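Here's the structure, in structure tokens; my notes come after.
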Amino acid sequence: MSEERTYQKASFLIVFVVLSANVINTMGGLVNPTLATMAQAYPDVSLSTIQLVATLPMLAAIPTSFFAGKFINKLGVKRAFILSFSAFMISSVIPTCFRTSFTPVLVCRFITGLTTGVISPLTAALVNTYIEPPRRPSMFGYKQAVGNITGIILTSLVGIIAARNVFNIWYVHLLLVFPIGLGLLLPKAPHWGDPAPAAKSGSGAAAQKEKLPMSAWGIILLMFLFSVFSYPALLNFSSLIDANGMGDASLAGFVQTAANIGGILGTLFFGKIYKKVGKYVIPVFMVLLVLRHFLLGLTDNVILYFVAMFVGGIGYFGLFVAFTTGLSVNCSAGSFHEATGIMSAMMNVGMFISPYIMNFIASLFGLAGSLAFPVILGGAGFVIIAVILFVKPVRM
């Protein structure tokens, strides 16, 4: 953990503004549950093209994530926040005007994806910029919890809206007027000092050009591997429920809710867990993912699936917070923005290539059609990483 030092606490208003920004966390994926309804609204468009509404933003976010740090450093966190959130909101609302032509909708989703590449590291940059170092681990957790809670609420809201008129789902993004307006109240960024002894001292342009420390690159690599190994469980759990004869899509929805609840609890109490286990926080959360993967891959019991997803939700969302906390500890103020941008990009790359990697390995063992094997393989990967990190933990 970072060394003890006295800091002036960020005001309630600043904390409120910083946390309110995280209502955007799940907005990029709000359209996903409405794809079937959207396909009915555009009957002349193939389903594979309709599905681009969900996948195109993820791909578009990859290149901008790599350059997000430079963009944030150049504009400053406050201006980057207002500009990127405004661009996201506008590009997300415009599709409601195109009810007969689908191509403009895809163009808007591509623009939304480009802004998402900046927004993902930006919400972390708000915490790192305006919250004093001792409270950052807890605040990173609260940030993720706010995203999870609003995600559950907004997904339900979008489902209700889509059942009546799918074109109106885009208006939900107008809720971003609230955090954008609050963002105008943010003061000049305070100077907390550099909490990362491993980084060379410097300020202004010199600090912004500083290279990332090796410890930060190690955390970025962990995020990439985390994305590769965790994605099969997210992708296959509903299919496993169906294949094992346990239930249908409604049961899968309830099981997913267990993961969301676990994620909320894990992130809300992340600060306390971090204080208890310190540098071992990453492998501790990873052990919970090992349990999730092996229960999903090796059992066919509904109760065990609920346990797996609940415990896995704690580990999955807790690791997001742990990785961001690790970058905050190991990076200077200027390099943190760059590091979180690269980490976000590698997360998307890892999720995109995960099915190809897992299917290739499965084919080597003659298990190309198995739903369980990639999940078990992901769990085995987490076992190896957790053992390594218990022996040689990341600086936290």
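Bear in mind the structure is a predicted one, so any value in this text is a computation, not a measurement.
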Next on the checklist: With a 6.0 Å cut-off (strictly less than), is the heavy-atom count around CZ of Phe269, excluding the residue itself, greater than 12?
Outcome noted: no
Item to check | Leu83 side, atom CG; Phe85 side, atom CZ - distance, nearest 0.5 Å | outcome: 11.5 Å
Next on the checklist: If you count every heavy atom of other residues, nucleotides or ligands that lies below 6.0 Å from Leu364 atom CG, does the total exceed 12?
Outcome noted: yes
Checklist entry - Should the ring pair Phe365 and Phe373 be called parallel, tilted or perpendicular, given that the plane angle runs from 0 to 90° and is split at 30 and 60? => result tilted
Item to check | Pair Phe270 + Tyr142: ring centers closer than 6.0 Å | outcome: no
Checklist entry - So, Thr115 and Ser84: side-chain donor and acceptor under 3.5 Å apart, yes or no? => result no
Next on the checklist: Using side-chain heavy atoms (C-beta onward) and a distance below 4.5 Å, is Arg109 in contact with Val31?
Outcome noted: yes
Checklist entry - side chain to side chain contact (heavy atoms under 4.5 Å, CB included) between Phe320 and Thr267: does it pass, once the steps are laid out? => result CA-CA 9 Å; Phe320 275 105; Thr267 51; over 6 Å; no
Checklist entry - With a 4.5 Å limit on heavy-atom distance, are the side chains of Met309 and Arg292 in contact? => result yes
Checklist entry - Looking at side-chain heavy atoms only, is the closest gap between Val127 and Arg136 below 4.5 Å? => result yes
Item to check | Enclosure of Phe67 CZ (heavy-atom neighbours >12, cutoff 6.0 Å) | outcome: no
Checklist entry - If you count the non-hydrogen atoms of other residues, nucleotides and ligands that lie under 6.0 Å from CZ in Phe306, is the total more than 12? => result yes
Checklist entry - Can you tell me if Thr49 and Ser46 form a side-chain donor-acceptor pair at under 3.5 Å? => result yes
Checklist outcome for this item: Rounded to the nearest 0.5 angstrom, the CG-OG1 distance for Asn244 and Thr299 is 8.0 Å
Item to check | Whether Tyr316 and Phe226 hold their rings parallel, tilted or perpendicular, with breakpoints at 30° and 60° | outcome: tilted
